[in-house]
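The model shown is predicted, which means the values in this text are computed figures rather than measured ones. A, B, ... follow the sequence lines: proteins, then strands. Residue 1 opens every chain.
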Amino acid sequence: MKDSFYDQVFEIARLVPKGRVTSYGAIAKALGAGGSARMVGYAMSNAGIAHPKVPAHRVVNSSGLLTGKFHFSPPELMQQLLEQEGIVVENDKIKNFKTVFWNPLEEL
DNA sequence: GCAGTGACCTGCA
DNA sequence: TTGCAGGCCACTG
């Protein structure tokens, strides 16, 4: 399962610097998937069993909303990790999302 | 091999 | 401006 689409998504997610976040659509475009952002989210479902572990908490939707926070255990862990990295989270969504947003296309 | 599912995004009313 | 619906691709049963 190393050359799978999952590994590609994990690779981008792991490239996200500390204190920064990215969106599913951005990763999808970085992989050339385009509008297949759903696949990115689906791949993240395996982030919990991925090794090394993937900072899925740095990946949010295009609105900066922590949509996948309920997939964490506990769900509040996602916000905790984001705040721990200096990211401001308000109402399960990133406050200065555009400020902490990290574009993989610019790094790649 | 077929069908369903999924942590989304974009467009239109 | 807000809300709803459709579409996209890959993996599992």
Side-chain angles (χ1 to χ4, degrees):
Chain A
M1 295 276 219
K2 284 186 181 269
D3 299 78
S4 300
F5 193 84
Y6 293 124
D7 208 38
Q8 298 281 16
V9 179
F10 299 151
E11 186 109 13
I12 304 295
R14 276 184 280 168
L15 287 173
V16 179
K18 185 183 173 191
R20 294 283 144 124
V21 292
T22 187
S23 63
Y24 298 94
I27 297 176
K29 286 184 182 183
L31 297 177
S36 304
R38 300 188 93 187
M39 279 287 73
V40 179
Y42 187 76
M44 294 315 248
S45 65
N46 285 276
I49 64 172
H51 296 281
K53 210 171 176 265
V54 181
H57 59 273
R58 291 181 189 160
V59 185
V60 295
N61 67 348
S62 61
S63 303
L65 190 71
L66 310 184
T67 51
K69 76 167 197 166
F70 289 104
H71 289 253
F72 282 78
S73 348
E76 54 194 63
L77 178 65
M78 187 171 187
Q79 184 173 335
Q80 287 286 306
L81 291 169
L82 289 171
E83 291 181 336
Q84 201 172 85
E85 300 196 349
I87 298 173
V88 182
V89 180
E90 186 101 341
N91 247 347
D92 298 340
K93 69 175 178 242
I94 298 173
K95 199 176 199 298
N96 44 358
F97 176 60
K98 55 200 274 268
T99 305
V100 297
F101 179 73
W102 178 79
N103 193 340
L105 291 171
E106 290 188 352
E107 285 291 317
L108 299 174

For A:Val16, does its backbone N or O pair with a side-chain atom of A:Arg58 as donor and acceptor, under 3.5 Å?
-> yes
Without swapping roles, check the side chain of A:Asn103 against the backbone of A:Leu105 for a donor-acceptor pair under 3.5 Å.
-> yes
Does B:dC8 have OP1 or OP2 sitting under 4.0 Å from an N or O in the side chain of A:Thr67?
-> yes
Rounded to whole angstrom units, what separation is found between the CG atom of A:Asp7 and the P atom of C:dC11?
-> 11 Å
Taken to the nearest whole Å, CZ/A:Phe97 to C1'/B:dC8 is 13 Å
Nearest to the side chain of A:Phe5, which nucleotide is it out of C:dC11, B:dA7, B:dC8?
-> C:dC11
Give me the residues of residues 14-30 of chain A where at least one heavy atom lies under 4.0 Å from an atom of DNA chain B, by number, or none.
-> A:Tyr24, A:Gly25
Starting at CE of A:Met78 and ending at C1' of B:dA7, how long is that distance when rounded to a whole Å?
-> 8 Å
Using heavy atoms to find the nearest nucleotide of DNA chain C for A:Tyr42 and A:Ala37 separately, return the residue whose nucleotide is more 5′.
-> A:Ala37
What is the distance, rounded to the nearest whole Å, between atom CE of A:Met44 and atom C1' of C:dA10?
-> 15 Å
Where A:Lys69 and A:Asp92 come nearest, the two heavy atoms and their spacing | NZ-OD2, 2.7 Å
A:Ser4 has its side chain closest, among C:dC9, C:dC11, B:dA7, to C:dC11
Run the numbers on A:Val54 and A:Met44 for side chain to side chain contact (heavy atoms under 4.5 Å, CB included), then give the verdict.
-> CA-CA 8 Å; A:Val54 181; A:Met44 294 315 248; 4.3 Å; yes
Step by step, would you call A:Ile94 with A:Phe101 a side chain to side chain contact (heavy atoms under 4.5 Å, CB included)?
-> CA-CA 10 Å; A:Ile94 298 173; A:Phe101 179 73; over 6 Å; no
Between A:Ala47 and A:Ala56, which heavy-atom pair has the shortest distance, and what is it?
-> CB-CB, 4.2 Å
Heavy atoms under 4.0 Å, any strand shown: does A:Phe70 hit a base, just sugar-phosphate, or nothing?
-> nothing
Between A:Asp92 (CG) and B:dA7 (C1'), how many Å, whole number?
-> 13 Å
Minimum heavy-atom distance between A:Phe72 and A:Met78, given as atom pair plus value = CE1-SD, 3.6 Å
A:Ile12 has an atom CD1; how far is it from atom C1' of B:dC8, in whole Å?
-> 17 Å
Scanning both residues in full, the closest heavy-atom pair of A:Leu66 with A:Val89 reads CD1-CG1, 3.7 Å
Which range-with-range stems can be found for DNA chain B when each stem has 3 or more Watson-Crick or G-U pairs in a row and both distances sit under 3.5 Å?
-> B:2-6 with C:9-13, B:8-13 with C:2-7
Contact summary for A:Ser23 and A:Phe97, nearest pair of heavy atoms | CB-CZ, 4.5 Å
With DNA chain C as reference, determine whether A:Arg38 or A:Asn46 sits nearer its 5' end, using the nearest nucleotide of each.
-> A:Arg38
Given atom CD of A:Gln8 and atom P of C:dC11, what is their separation to the nearest angstrom?
-> 11 Å
Within residues 52-61 of chain A, those residues having any heavy atom closer than 4.0 Å to DNA chain B are A:Ala56, A:Asn61
Would you say a side-chain N or O of A:Ser62 is under 4.0 Å from OP1 or OP2 of B:dC9?
-> yes
